[in-house]
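Notes to accompany the following structure.
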Amino acid sequence: MEGAFQCAYSVEEEVKPRYVTKSEFRVTRPENVPLELFKDSMWDEYSRRCINCGRCNFVCPTCTCFTIQDIFYTDNGRVGERRRVNASCMVDGYTDVAGGLTMRKTNGERMRFKVLHKIYDFRKRFGYDMCVGCGRCDTVCPEYISFSNCINKLNSRVKEVSENVQPK
């Protein structure tokens with residue numbers, strides 16, 4: 001019996017691992033985003049669809065949003081520590097400031113901020129996009145919102161707006 005197992009396991013085969021070399025989904029990002037798209041109705045779709053759970057941010061390898069929490073110890077209320085903890089720009093309360101103001105109230109405004117930050121603002125500042133295209137956000141979204149598709153929609157909208165601009 002021992003010889004039978006040796007024969008089966010002693011055959012050496014060359015193993016070539018398969019890995020992804022090209023994505024099936026093509027993403028085209030806009031080079032410039034006209035200011036009028038910051039208030040465009042395309043973001044309203046995300047106000048209806050997004051449930052602002054923040055999963056997309058928590059799985060994103062490039063999201064670095066954080067908040068500060070003060071923790072007071074129960075033994076001595078005069079002693080504690082201030083901690084930096086992960087947060088999400090997609091969650092209610094993240095943009096709340098003193099005086100009761102909220103900078104981005106709707107989910108569409110939050111989505112607009114996230115998209116433009118990752119593919120426009122960051123590129124203008126550092127010369128490359130923040131989104132690495134891993135697709136984790138697409139996979140984890142309970143509402144099936146595709147970040148890649150959102151970027152493509154933005155690119156289409158940029159083309160529409162630039163075609164409608166009348167030269168002076």
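Here the side chains of Cys131 and Phe147 are in contact, with some heavy-atom distance below 4.5 Å. Between Cys89 and Thr95, every side-chain heavy-atom pair lies at or beyond the 4.5 Å cut-off. With contacts defined as side-chain heavy-atom distances shorter than 4.5 Å, the pair Ile71/Arg82 does not qualify. For the pair Pro34/Ser162, no side-chain contact is recorded, criterion being any heavy-atom separation below 4.5 Å from C-beta on. The shortest side-chain heavy-atom distance between Val85 and Phe66 does not fall under the 4.5 Å cut-off. By the 4.5 Å heavy-atom criterion applied to side chains, Pro142 and Arg55 are counted as neighbours. For the pair Cys65/Asn57, no side-chain contact is recorded, criterion being any heavy-atom separation below 4.5 Å from C-beta on.
The cluster map of Ile, Leu, Val, Met, Phe, Trp and Tyr, joined by side-chain heavy atoms under 4.5 Å apart, puts Ile151 and Val132 in different clusters. Val59 is not connected to Val115 by any chain of hydrophobic side-chain contacts under 4.5 Å among Ile, Leu, Val, Met, Phe, Trp and Tyr, and they are in different clusters. Criterion: ILVMFWY side-chain heavy atoms under 4.5 Å apart, direct or through other members. Under it, Ile51 and Tyr144 are not part of a common hydrophobic cluster. Linking Ile, Leu, Val, Met, Phe, Trp and Tyr residues whenever their side-chain heavy atoms come within less than 4.5 Å leaves Tyr94 and Met90 in two separate clusters. The cluster map of Ile, Leu, Val, Met, Phe, Trp and Tyr, joined by side-chain heavy atoms under 4.5 Å apart, puts Val27 and Leu154 in the same cluster.
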Check the pair Met111 / Ile145 against side chain to side chain contact (heavy atoms under 4.5 Å, CB included), numbers first and verdict last.
CA-CA 11 Å; Met111 181 62 100; Ile145 296 173; 3.6 Å; yes
With salt bridge (charged side-chain N to carboxylate O under 4.0 Å, His left out) as the criterion, how do Glu45 and Arg49 come out once you've worked through the C-alpha distance, each side chain's angles and the decisive distance to 0.1 Å?
CA-CA 6 Å; Glu45 170 190 350; Arg49 291 181 59 201; 2.7 Å; yes
Run Phe72 and Val79 through side chain to side chain contact (heavy atoms under 4.5 Å, CB included) and show every step you take.
CA-CA 6 Å; Phe72 295 99; Val79 178; over 6 Å; no
So Tyr128 and Phe122, side chain to side chain contact (heavy atoms under 4.5 Å, CB included) or not? Walk me through it.
CA-CA 7 Å; Tyr128 58 95; Phe122 195 84; 3.5 Å; yes
Pair Met103, Glu109 - check side chain to side chain contact (heavy atoms under 4.5 Å, CB included), show working.
CA-CA 9 Å; Met103 296 301 145; Glu109 290 172 340; over 6 Å; no
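Residues Lys118 and Cys60 come closest through the heavy atom pair NZ-SG, 3.3 Å. Contact detail for Met130 and Thr62: the closest heavy-atom pair is CE-O, 2.9 Å. Between Val33 and Tyr120 the shortest heavy-atom distance is N-CE1, 3.5 Å. In terms of heavy atoms, Val158 sits closest to Pro30 at CG2-CB, 3.9 Å. Residue Cys53 comes nearest to Phe58 through the heavy atom pair O-CE1, 4.4 Å, listed as atom of the first residue, atom of the second, then distance. Nearest heavy atoms, Trp43 versus Leu37: NE1-O, 2.9 Å.
Exactly one residue among Asn155, Asn152, Asp129 makes a side-chain contact (heavy atoms from CB on, under 4.5 Å) with Arg29. That residue is Asp129.
Between the side chains of Asn107 and Ser47, not a single donor N or O lies within less than 3.5 Å of an accepting N or O.
For Asp96 (side chain) and Thr102 (main-chain N/O), no donor-acceptor pair under 3.5 Å exists by modelled atom type.
Looking at Arg104 and Asp92, no side-chain N of the basic residue comes within less than 4.0 Å of a carboxylate O on the acidic one, giving no salt bridge. Using a 4.0 Å cut-off between charged nitrogen and carboxylate oxygen, Lys159 and Glu163 do not count as a salt-bridge pair. A salt bridge links Glu160 with Arg157: the closest approach of a Lys/Arg side-chain nitrogen to an acidic carboxylate oxygen falls below 4.0 angstrom.
Tyr73 pairs by the side-chain hydrogen bond (donor to acceptor under 3.5 Å, both in side chains) definition with Glu81, not counting sequence neighbours.
With rounding to the nearest 0.5 Å, the separation of SG in Cys56 from CD in Glu143 is 11.5 Å. Between the NZ atom of Lys124 and the CD atom of Glu31 there is a distance of 12.0 Å, given to the nearest 0.5 Å. Rounding to the nearest 0.5 Å gives a distance of 9.0 Å between OG of Ser88 and CZ of Arg110.
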